[in-house]
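Presented below is the structure to which this report refers.
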Amino acid sequence: MIKVTLPDGTEKEYEKNTTIGEVAHSINGRLHEKALAGKIGGIPVDLSYPIKEDTSLLVITEDTEEGLDILRHSVAHIMAQAVKRLFPEAKLGIGPTIENGFYYDFGLQHSLTEDDIKRIEEEMAEIIREDIPIKRVELSRDVAIKKMEELGQSFKVELIKDIEDDVVSFYTQAEFIDLCRGPHIQRTGVVKVFKLLNVAGAYWRGKETNPMLQRIYGTAFFTRKELDRYLTFLEEAQKRDHRKIGRELDLFSFHEEGGPGLAFWHPKGARMRSIIENFWREEHFKRGYDTVYSPHIAKINLWKTSGHWNFYRESMYSPIEVDGQEYILKPMNCPFAVLMYKTKLRSYRDLPLRWGELGTVYRYERSGVLHGLLRVRGFTQDDAHIFCTPGQLENEILGVIELAQFMLSSFGFHEYEIELSVRGKGEKEKYIGRDEVWEHAEDALKTALEKKGLPYIRMEGEAKFYGPAIDIKVKDAIGRGWQGPTIQVDFNLPERFDIQYVGPDGLYHQVVMVHRTVLGAMERFIGCLIEHYAGDFPLWIAPVQMRILSITDMHIDYAKKLQARLLLKNFRVECDTGNAKINYKIRQGTLEKIPYLLIVGDKEIQSGTVSIRSRKKGNEGVLSVEDFIEKVDSEVREKR
RNA sequence: GCUAGCGUAGCUCAAUUGGCGGAGCAGCGGUUUUGUAAACCGCAGGUUGUGGGUUCGAGUCCCACCGCUAGCUCCA
């Protein structure tokens, strides 16, 4: 007999080799019905796993993340089986689960079409109908390699060769076999709802030099309702697409004639941007920052000294020749800040210096990665460079974290994930600087995060070439993640440019530099903001805050006077005095997502009021002009 | 950059199989003077992304380039 300890602490005795499925059944029927797999001593295994010794057991059920993951993984296998049935020559790559679904990569000459995807879905449905048992098979490495070679599965051979264990596991379902750690559902018939979403190319093992495979993305859920909810989410995301809203609200455009990745800000977009920039400046001044401006180009030698020419060249625009000198469009602002720092001898009493800069940089991004405002070639970073002593470093990082949090919450972002991006192992050639310098920088970032009690994930190989960073990923209104603030400690640039301060001891010391953004870049941030609010901006950001709608030509004069009065109060207010019915004007204003529509006719003129229709609540009735001003004033102040 | 797909009026979309490029909205001109999500009539709008080719004939087929989209890789 063996002893099994359940999560609630109860212990039960079973015959040796009792399976997890049998244990679940013995506990109760419902658990058995919902059981998909188990965890023995924390390691996930199949329901058919025979328990051999005393252990702890957790039964993984349908209504858990882990359960969903197992289901999706099995659906990925079913998809691969379907693909093999329709295209026997297909070579299998990898087929993992991802957030919201799964994918599987296939090496296949024929390029998959929409029709193929439909056929694959049908075949998957057939496999599910066949209710095929899914079985685990363990083979020795050598046998496994031989078997995959026989089947012509060269990618699998490569994978097995990288596995260090002597025994590797496979899962079979009828004629199909696949290398897999497991666990899986017991029968294909367990799958209820799934959907294939799209096909795209993907390099084998993510390396550009490897052959490109075809990746099919799909998703699966336990109920139709959950799938529908997910599909609705995808539609919602599409409705929020900032490229679409940006055009509809006349915020910005891109031009084939201008060049890819170069944004043109229309008056309304520019207005929004300047509101955000002004707010940004004010908040920085309050926190002891100054602002600076620097040129857009500089001689190539500056970029050689800074290290960009060696480590960042593939992202830089080619040199421009002027008077026999080569100039580079700046991809970063930092060397300019350094030059300004060097204009005089700095004392420790001057530090820290916090220099903010809304600096426009140009980076050569590969054509395939450009995406609306979110990924462009010319963009304005809300940059700042902090020059401080090593002793001040931690405090400065803390200050930046707090500023970043304040900024994000001001724009309605309340959830985020923090990453500590450090050097990758074994690729030192990608990074500048000595090991101890890197370690020192990493320590400073780590300590600051720990002092703030902020949880973070360590990301190997995600650091910039000049130093480690804290990267903050914000979550928007519908739960999607976006690259937000970043804080980078840099001991290298100070060393390369030899920038110093005079300490209390009268000696020269090397200054420490922090690069940081709290929004990221104006382009990306506003793109993100559009999707976050779906274009329904809070009053303080809305490019047009209110529009006055006259009922007939008789009311134009009052409307114009009202507009002038509101303009004097610094509101962004338009007038619609066109020859159209009020319903039409309301519809227009609503579609343009204007927060307040002010309707004026005979009644309002007589009483000196406005009739208010808000985007949030609809018809709000009539207010005196004074009360309306008070109302919107407080709304702006409170950033509601 | 790579794989796949797409490119018709400002926007959204039509155009048998290769056979005279249309509509709605927006715009402009009129009529109408209107009370909380679309009044009516008319006008104008295009070398079908660009350049080649095949064909009696190309929006449609082929090639190259430009741009866009979904991913891969990369990133603020």
Side-chain angles (χ1 to χ4, degrees), chain A residues 103 105 108 111-114 116 197-217 241 243-244 247-248 250 253-261 312 314-315 331-333 359-361 363-383 421 462 464 469 471-472 482-486 488 515-525 527-528 549-556 578-592 597-604 611-615 618-622:
Chain A
Y103 66 79
D105 289 345
L108 189 59
S111 49
L112 296 168
T113 62
E114 293 272 312
D116 294 328
L197 297 168
N198 53 341
V199 198
Y203 299 106
W204 166 238
R205 297 194 140 183
K207 273 185 105 171
E208 277 188 281
T209 46
N210 284 344
M212 182 158 276
L213 309 180
Q214 296 183 68
R215 174 172 297 179
I216 306 177
Y217 286 89
D241 191 319
R243 294 165 298 185
K244 180 171 166 276
R247 186 174 51 236
E248 286 166 358
D250 198 11
S253 59
F254 288 89
H255 300 271
E256 193 171 336
E257 301 89 329
Y312 203 68
E314 75 282 4
S315 298
M332 293 192 196
N333 301 303
T360 303
V361 298
R363 297 184 186 174
Y364 173 74
E365 301 285 351
R366 304 211 277 178
S367 62
V369 308
L370 300 171
H371 180 91
L373 286 180
L374 301 177
R375 192 73 185 274
V376 288
R377 284 185 175 161
F379 56 98
T380 302
Q381 291 184 298
D382 68 301
D383 212 348
S421 301
E462 295 291 306
K464 322 291 171 224
D471 290 307
I472 302 184
W482 304 78
Q483 172 62 54
T486 157
Q488 297 147 21
H515 313 237
R516 43 105 287 178
T517 68
V518 291
L519 302 178
M522 298 318 294
E523 287 74 8
R524 179 176 286 181
F525 185 74
C528 171
L549 316 180
S550 60
I551 293 194
T552 75
D553 291 353
M554 311 279 294
H555 313 117
I556 292 178
N579 178 10
K581 290 177 80 160
I582 197 68
N583 280 349
Y584 180 85
K585 295 182 185 179
I586 286 169
R587 183 179 150 82
Q588 287 311 311
T590 308
L591 292 177
E592 288 174 49
L597 299 176
L598 307 176
I599 297 157
V600 297
D602 290 338
K603 282 181 274 178
E604 288 75 16
S611 179
I612 301 161
R613 187 185 167 93
S614 74
R615 190 183 55 207
N619 192 342
E620 286 196 33
V622 175

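Every chain is numbered from 1, with letters handed out A, B, ... down the list of sequences. All values below were derived from every heavy atom in this structure, side-chain atoms included, with hydrogens, water molecules and symmetry-related copies excluded.
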Problem set entry | Donor-acceptor pair present, A:Tyr203 side chain and B:G1 base, under 3.5 Å | yes
Exercise. Toward the 5' end of RNA chain B, which comes first, A:Arg215 or A:Glu462, by nearest nucleotide?
Worked result: A:Arg215
For this session: Grab the CZ-P distance between A:Arg377 and B:C74 for me, whole Å please.
Result: 18 Å
Exercise. Quick one: A:Arg375 CZ to B:U73 C1', roughly how many Å, whole number?
Worked result: 10 Å
Exercise. Does A:Tyr584 stack onto the base of B:A39, taking stacking as ring centres under 5.5 Å apart and planes under 30° apart?
Worked result: no
For this session: Give the nucleotide from the list B:A76, B:A37, B:C11 with an atom nearest to the side chain of A:Leu591.
Result: B:A37
Exercise. Heavy atoms under 4.0 Å, any strand shown: does A:Gly520 hit a base, just sugar-phosphate, or nothing?
Worked result: sugar-phosphate
Problem set entry | A:Leu519 CG to B:A76 P, straight-line distance once rounded to whole Å | 15 Å
Exercise. Is there a Watson-Crick or G-U wobble partner for B:C40 with both distances under 3.5 Å, and which nucleotide is it?
Worked result: B:G30
Exercise. Base, sugar-phosphate, or nothing: which does A:Gly206 touch, judged by heavy atoms less than 4.0 Å apart?
Worked result: sugar-phosphate
Exercise. Given that both distances must come in under 3.5 Å, which nucleotide forms a Watson-Crick or G-U wobble pair with B:A4?
Worked result: B:U69
Problem set entry | Below 4.0 Å: OP1/OP2 of B:G35 and any side-chain N or O of A:His555 | no
Exercise. Any idea which of B:A38, B:U73, B:U34 is nearest the A:Val369 side chain?
Worked result: B:U73
Exercise. How would you label the contact of A:Gly589 with the nucleic acid (heavy atoms, under 4.0 Å): base, sugar-phosphate, or nothing?
Worked result: nothing
For this session: Just call it for A:Arg613: base, sugar-phosphate, or nothing, with non-hydrogen atoms closer than 4.0 Å on any strand.
Result: base
For this session: Among the candidates B:G1, B:A38, B:A76, find the nucleotide nearest to the side-chain atoms of A:Asn583.
Result: B:A38
For this session: Report which part of the nucleic acid A:Arg363 touches: base, sugar-phosphate, or nothing (heavy-atom distance under 4.0 Å, all strands).
Result: base
For this session: Under 4.0 Å between any heavy atoms, over every strand shown, what does A:Asn619 touch: base, sugar-phosphate, or nothing? Just pick one.
Result: base
For this session: Mark yes or no for a side-chain to base donor-acceptor pair under 3.5 Å between A:Arg366 and B:U73, with no hydrogen or angle criteria applied.
Result: yes
Problem set entry | Per-nucleotide protein contact string for nucleotides 40-52 of chain B, where B marks a base within reach and S marks sugar-phosphate only (heavy atoms under 4.0 Å, - for neither) | -------------
Seminar exercise, completed: Against the side chain of A:Glu365, the closest entry in B:G71, B:C75, B:C72 is B:C75
Problem set entry | Exceeds 12 heavy-atom contacts within 6.0 angstrom, atom CD of A:Glu114 | no
For this session: Consider the side chain of A:Pro260, meaning its heavy atoms from C-beta on, and name the nucleotide among B:C72, B:C68, B:U34 that approaches it most closely.
Result: B:C68
Exercise. Over how many whole Å does the gap from A:His371 atom NE2 to B:G71 atom P extend?
Worked result: 8 Å
For this session: Mark yes or no for a side-chain to base donor-acceptor pair under 3.5 Å between A:Glu314 and B:G1, with no hydrogen or angle criteria applied.
Result: no
Exercise. At under 4.0 Å between heavy atoms, what does A:Tyr217 touch on the DNA or RNA strands: base, sugar-phosphate, or nothing?
Worked result: sugar-phosphate
For this session: Look at the side chain of A:Asn210 and the base of B:U73, then say whether one donor and one acceptor between them are separated by less than 3.5 Å.
Result: no
For this session: Would you indicate what A:Asp602 reaches in the nucleic acid, counting non-hydrogen atoms under 4.0 angstrom: base, sugar-phosphate, or nothing?
Result: base
Exercise. So what does A:Arg243 touch, heavy atoms closer than 4.0 Å: a base, only the sugar-phosphate, or nothing?
Worked result: sugar-phosphate
Seminar exercise, completed: Taking B:G35, B:A76, B:U73 as options, the one with an atom nearest any side-chain atom of A:Gln483 is B:A76
Problem set entry | Mate of B:U54 where both pairing distances stay under 3.5 Å, Watson-Crick or G-U | none
For this session: Could you state the atom-to-atom distance from NZ of A:Lys603 to P of B:U34 in whole Å?
Result: 13 Å
Problem set entry | Set of residues satisfying side-chain hydrogen bond (donor to acceptor under 3.5 Å, both in side chains) with respect to A:Gln488, sequence neighbours excluded | A:Tyr466, A:Thr486
For this session: May I ask you to say what A:Glu604 touches in the nucleic acid, namely base, sugar-phosphate or nothing, with a heavy-atom cut-off under 4.0 Å?
Result: base
